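Here is the structure we will look at, set down as structure tokens.
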Amino acid sequence: MTLSEKVAQLGNDAPGVARLGLPPYNWWSEALHGISNVGPGTRFDNVVPGATSFPNVINMAASFNEAMWKTVGQAVSTEGRAMYNLGRAGLTYWSPTINVVRDPRWGRTLETPGEDPFVVGKYAANYVRGLQDVEGTENATDLNSRPLKVSSCCKHFAAYDVDNWKGVHRYTFDARVTEQDMLETFLKPFEMCVKEGDVSSVMCSYNRVNGYPTCADPVLLKDTIRGDWDLHGYIVADCDSVEVMVKYQHFLNDTNEDAVAQTLKAGLDLDCGVLSPKYAESSVRQGKVRVKNIDKALNYLYVVLMRLGYFDGSPKFQSLGSKDICNDEHIELATEAARQGIVLLKNDNDALPLDPAIIKTLAVVGPHANATYVMLGNYAGVPCRMKSPIDGLSEYAKVNYQMGCENVACKNDTFIFEAMDAAKNSDATVILGGIDLSIEAESLDRVDLLLPGFQTQLIQQVAAVSKGPVVLVIMSAGGIDISFAKNNPNIKAIVWAGYPGEEGGRAIADVIFGKQNPGGRLPVTWHEADYVNQLPMTSMPLRPVTSLGYPGRTYKFFDGPVVYPFGYGLSYTSFNHTLVSAIPSLTVNINKAILCRDIAYDTAVKLDCASVLVDDITCSDEFEFEIKVENVGKKDGSQVVIVYSKPPTGISSTHIKQVVGFQRVFLKAGGFQSVKFKLNACKSLGLIDFGGYNLLPAGEHTILVGDGAVSFPVKLSFNRV
């Protein structure tokens with residue numbers, strides 16, 4: 001290849017080299033929760049009119065079901081391969097989004113698995129495995145040649161969670177992040193995605209981190225992703241990020257050639273955009289970058305295409321076609337994923353489930369009552385079909401529909417009285433409200449946590465006159481302060497449905513009428529409205545900033561009042577938890593030469609060896625425990641068992657608690673199951689100190705199950721050998 005031919009391949013729309021028989025390829029396709037129509041690599045037409053649109057990621061995260069996440073990934077990659085065979089899609093999908101939801105106002109919350117870095121990382125690893133793994137080759141000796149079903153990409157790296165808030169835009173935002181927060185929160189999901197998921201691509205983000213554009217930061221790209229984590233794949237820039245450096249960030253007053261050189265030398269391989277293919281050759285001729293850097297980038301790119309069978313085919317997948325897209329199995333999977341992600345927030349006097357033998361007429365009101373495309377969220381393709389809430393609820397009762405509000409903005413109260421009238425004359429009322437992509441979306445952050453316009457008035461007035469029980473269903477990704485509904489005795493039940501995908505209406509109805517017992521848990525904290533008045537979205541620290549009066553962020557660092565906490569969710573049945581077995585102490589053997597390190601304590605604590613550096617030990621020590629989960633109610637149901645670790649009392653400025661494991665178990669009424677956990681001491685009990693050291697502290701750690709139904713101490717000490 002000539003230099004001109006090489007640089008032409010550095011953009012997402014690679015033209016290939018006809019004289020060498022190198023075919024063109026467009027790298028940009030998306031598969032966040034189904035094959036998307038975003039990106040030129042994919043198209044829908046009469047050959048492929050649609051693909052299964054699964055619930056948005058925030059919904060799937062709420063299921064806390066690792067097996068489900070992987071199964072959905074497998075279904076999505078099957079449809080992607082089928083579309084590729086039909087000439088309608090590529091093989092490289094820039095999904096999933098695995099940024100942690102640091103602030104409840106973030107517009108892209110719907111794309112993410114929530115606010116806990118461990119949960120986000122587990123989602124990433126499972127979904128990526130579902131997309132990429134070819135059965136039987138998961139543990140190939142040479143991971144750089146491991147076959148891929150499709151290629152997945154974890155994004156947006158790193159500390160990206162401000163889109164457009166009060167005039168602060170993602171293109172120019174400089175995230176000022178401590179090393180402690182970087183390692184503990186922002187990098188952790190990506191590390192898990194690369195190490196546990198063996199993802200074949202990582203996308204760097206628009207924003208700067210501590211002054212440096214992420215796509216031009218060799219510490220982030222070359223040293224961390226490639227060096228520390230050993231990525232087997234390529235690094236791509238978010239679309240036009242390289243151009244953004246020149247056009248908006250004015251980083252080092254870069255010319256186009258400067259920006260291309262800096263990103264290539266930092267470790268970038270592919271530019272979703274035109275700047276690199278347009279200016280890389282002149283950058284070389286001006287002496288700013290070596291051809292060797294371009295060769296290295298192309299090597300990473302074409303090795304991924306080879307692993308995908310792009311050049312010589314993949315016989316294992318050649319039979320996939322139209323029959324494998326939108327088939328009954330995938331549609332049912334989308335429905336089940338939506339059901340499992342629904343969260344029951346309130347259920348006074350067991351108002352739910354409604355009994356179809358008693359509830360013959362149902363008032364269905366609110367701006368989301370007839371929702372269709374709203375349920376698809378963003379990065380959605382063309383769905384196979386859509387089941388609105390009205391469609392779903394009509395299968396159980398005669399529906400009396402009144403919109404109540406024209407849309408979620410609900411700018412006037414014109415239609416409230418018709419909704420009230422429907423509620424007066426029906427056996428029960430379901431109000432469907434919330435927000436949508438006009439309120440929270442990519443390039444659009446929220447400014448408050450309230451329901452828009454007259455929605456609160458609609459809900460209150462309808463609830464006041466309803467003849468039968470009132471159920472409020474909220475569609476949103478981020479939390480909404482619905483304290484008024486939580487405290488209103490006329491509103492008997494509240495359900496969070498997120499953005500549940502093409503089968504969302506069916507799933508909502510199945511939960512309300514009891515075909516499905518809800519078992520989802522909130523993957524983000526639902527804050528009170530005043531929370532966002534206490535700190536700007538642009539303040540990056542996770543810990544409280546006491547000098548400014550800023551509270552902490554996420555459940556790990558905020559212990560103030562909330563509407564609903566992280567991990568919250570009710571059921572139509574009841575569960576008991578009993579500790580079956582656990583070890584009370586753990587002794588970690590360390591070499592005599594290992595240095596013991598001090599930890600900052602708020603109180604006077606004296607330990608012979610307060611902590612050791614995780615990098616100094618083998619980290620092979622594990623501890624196990626067993627929890628008996630018993631369904632003591634009258635209905636079958638699923639229970640999510642979330643396990644937290646709590647650091648020894650008195651350690652300064654560390655997390656309140658952190659998720660270290662979770663399992664979802666299904667139990668028949670009266671049934672029980674023993675749930676076993678095996679945790680690595682370093683991963684589950686370690687912490688990052690202010691200097692960026694990953695430490696394993698001695699002392700009495702606490703393991704909490706759920707909201708503290710079961711807790712027990714694990715006393716950790718060191719023994720020199």
Side-chain angles (χ1 to χ4, degrees), residues 117-118 121 158-159 177-192 194-196 209-210 217-220 222-230 541-543 556-557 583-624 644-661 678-703 712-721:
F118 177 82
V177 181
T178 66
E179 288 299 311
Q180 186 178 35
D181 283 339
M182 199 69 177
L183 292 166
E184 186 178 60
T185 298
F186 299 115
L187 297 189
K188 185 172 182 177
F190 288 92
E191 181 177 8
M192 293 171 71
V194 174
K195 289 183 174 180
E196 296 181 24
V209 174
N210 298 329
D217 189 341
V219 173
L220 286 177
K222 193 157 43 175
D223 295 351
T224 304
I225 299 176
R226 285 222 180 275
D228 295 343
W229 301 345
D230 191 24
L542 274 291
R543 288 158 177 77
K556 292 177 66 176
F557 302 102
I583 59 161
S585 61
L586 179 65
T587 301
V588 176
N589 290 326
I590 61 173
N591 188 287
K592 290 179 180 178
I594 288 178
L595 177 69
C596 288
R597 296 177 181 265
D598 290 333
I599 293 183
Y601 283 90
D602 292 326
T603 55
V605 175
K606 183 63 179 172
L607 295 171
D608 290 337
C609 186
S611 74
V612 297
L613 196 62
V614 164
D615 289 345
D616 284 347
I617 59 178
T618 59
C619 280
S620 58
D621 293 275
E622 296 177 325
F623 62 100
E624 299 180 46
Y644 302 87
S645 73
K646 200 173 175 182
T649 303
I651 296 179
S652 179
S653 299
T654 189
H655 49 269
I656 299 164
K657 61 180 181 178
Q658 62 178 354
V659 177
V660 293
K678 180 187 283 189
L679 302 180
N680 178 277
C682 290
K683 291 181 179 179
S684 299
L685 305 180
L687 56 83
I688 308 294
D689 77 353
F690 70 93
Y693 280 125
N694 189 357
L695 301 176
L696 180 61
E700 189 169 283
H701 298 257
T702 304
I703 299 299
F712 60 92
V714 176
K715 188 170 183 179
L716 189 144
S717 59
F718 301 109
N719 177 47
R720 291 193 181 277
V721 294

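The residues of the chain are indexed from 1 along the displayed sequence. Since the structure is predicted, the reported quantities are computational estimates derived from the model, not experimental observations.
Minimum interatomic distance between Val659 and Tyr644 (heavy atoms only, all atoms of both residues): CG2-CE2, 3.5 Å. Counting all heavy atoms, side chain and backbone alike, Ala698 lies closest to Leu607 at O-CD1, 3.9 Å. For Val209 against Ala158, the heavy-atom pair with the smallest separation is CG2-O, 3.5 Å. The two atoms that bring Glu622 and Asn680 nearest to each other are CG-CA, 4.1 Å, heavy atoms only. Scanning all heavy atoms of the two residues, the minimum distance from Leu586 to Ala681 falls at CD2-CB, 3.7 Å.
Qualifying side chain to side chain contact (heavy atoms under 4.5 Å, CB included) partners for Ile656, counting only residues two or more places apart in sequence or in other chains: Asp559. By the side chain to side chain donor-acceptor pair (under 3.5 Å) test, Glu196 pairs with Lys122, sequence neighbours left out. Partners of Phe712 according to the ring pair (Phe, Tyr, Trp, His ring centres under 6.0 Å) rule, which considers only residues two or more places apart in sequence or in another chain, are Phe625. Scored by the side chain to side chain contact (heavy atoms under 4.5 Å, CB included) test, Thr618 finds Ser620 as partners (sequence neighbours excluded). Residues forming a side chain to side chain donor-acceptor pair (under 3.5 Å) with Asp230 (at least two apart in sequence, or on another chain): His232. Qualifying salt bridge (charged side-chain N to carboxylate O under 4.0 Å, His left out) partners for Asp621, counting only residues two or more places apart in sequence or in other chains: none. In this structure Thr702 satisfies the side chain to side chain contact (heavy atoms under 4.5 Å, CB included) test together with Lys646, Leu704, Ser711, sequence neighbours excluded.
Looking at His701 and Pro648, their side chains come closer than 4.5 Å, going by heavy atoms from C-beta outward.
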Intermediate values then yes/no, side-chain contact (heavy atoms from CB on, under 4.5 Å), Val714 and Ile703: CA-CA 7 Å; Val714 176; Ile703 299 299; 4.0 Å; yes
Test side-chain contact (heavy atoms from CB on, under 4.5 Å) on Phe557 and His655 and set out the steps. CA-CA 6 Å; Phe557 302 102; His655 49 269; 3.9 Å; yes
Any chance you could lay out the side-chain contact (heavy atoms from CB on, under 4.5 Å) test for Leu696 and Ile617, step after step, and finish with the verdict? CA-CA 10 Å; Leu696 180 61; Ile617 59 178; 4.0 Å; yes
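In this structure, Ser653 OG and Ile599 CD1 are separated by 12.0 Å, a value rounded to the nearest 0.5 Å. Cys596 contributes atom SG, which lies 7.0 Å from atom CZ of Phe718 (distance to the nearest 0.5 angstrom). Here Leu695 contributes atom CG and Leu687 contributes atom CG; the two are 6.0 Å apart, rounded to the nearest 0.5 Å.
Although no hydrogens or angles enter the test, the distance criterion places a donor-acceptor pair under 3.5 Å between the side chain of Asn210 and the main chain of Val177. Within the 3.5 Å criterion, the main-chain N or O of Gly227 finds no donor-acceptor partner in the side chain of Asp223. Of the possible polar contacts, none joining the Ser645 side chain to the Leu685 backbone as a donor-acceptor pair under 3.5 Å is found.
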Donor-acceptor pairs under 3.5 angstrom involving side-chain atoms of residues 180-192: please list them, not counting sequence neighbours.
residue, atom, partner, partner atom, Å
Gln180, NE2, Ile688, O, 2.9
Asp181, OD1, Arg543, NH1, 3.1
Asp181, OD2, Leu542, N, 3.1
Glu184, OE1, Arg543, NH1, 3.0
Glu184, OE1, Arg543, NH2, 3.1
Glu184, OE2, Arg543, NH2, 3.0
Glu191, OE2, Lys195, NZ, 2.7

Mind listing the side-chain donor-acceptor pairs of residues 587-594 below 3.5 Å, one per line with the distance, residues two or more places apart or on another chain?
residue, atom, partner, partner atom, Å
Asn589, OD1, Asn719, ND2, 3.0
Asn591, OD1, Ala593, N, 2.7

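Remark: Lys657 NZ is packed, more than 12 non-hydrogen atoms of other residues, nucleotides or ligands lying under 6.0 Å away. For Tyr693, the OH atom counts as loosely surrounded, since its 6.0 Å shell holds 12 or fewer non-hydrogen atoms of other residues, nucleotides or ligands.
Counting only residues at least two apart or on different chains, the side-chain hydrogen bond (donor to acceptor under 3.5 Å, both in side chains) pairs with a member in residues 598-616 are Asp602-Ser652.
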